[in-house]
Amino acid sequence: AGKPQRIMTAIADSLNMPVVDLLPGFSRWTEGGGAPLFLERDGHWNEAGHQLAADIATQGLLEAGVMQ
């Protein structure tokens with residue numbers, strides 16, 4: 001994982017909180033040839049990016065036992 005993920009994970013671990021890292025899922029999506037996830041010349045997520053983030057976050061929270 002990159003430096004931001006390591007920092008985020010260390011902080012969450014110190015607070016005994018689960019972390020849902022979106023980067024691996026976004027990377028798999030991109031490597032798999034999925035539709036663009038960002039607005040052109042903007043850097044913010046588009047509709048597909050928001051949907052993927054929501055899907056990854058939901059799955060991560062379910063796996064962490066935070067949601068049922």
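Not measured: the values here are computed from a predicted model.
- Two different hydrophobic clusters hold Leu23 and Val19 under the rule that ILVMFWY side chains link at heavy-atom gaps under 4.5 Å.
- The hydrophobic clustering, which links ILVMFWY residues whose side-chain heavy atoms are closer than 4.5 Å, places Met8 and Phe26 apart.
- Rounding to the nearest 0.5 Å gives a distance of 7.0 Å between CZ of Phe38 and OG1 of Thr30.
- Inspection of the Gln59 and Glu63 side chains reveals an N or O donor paired with an N or O acceptor under 3.5 Å.
- Between atom CG of residue Leu39 and atom CD of residue Glu47 there is a gap of 10.5 Å, rounded to the nearest 0.5 Å.
- The two residues Trp29 and Ala35 make their nearest non-hydrogen contact at NE1-O, 2.7 Å.
- Side-chain contact between Thr9 and Asp21: absent, with no pair of heavy atoms (C-beta onward) separated by less than 4.5 Å.
- Residues Leu22 and Ile7 fall into different hydrophobic clusters, defined by Ile, Leu, Val, Met, Phe, Trp and Tyr side chains chained together at heavy-atom separations under 4.5 Å.
- Nearest heavy atoms, Pro36 versus Ala48: O-CB, 3.8 Å.
- In this structure, Met17 is not a member of the same hydrophobic cluster as Ile56, with clusters built from ILVMFWY side-chain heavy atoms closer than 4.5 Å.
- A distance of 11.5 Å separates CG in Leu52 from NE2 in His50, rounded to the nearest 0.5 Å.
- Judged by distance alone, the side chain of Ser14 and the main-chain N or O of Ile11 form a donor-acceptor pair under 3.5 Å.
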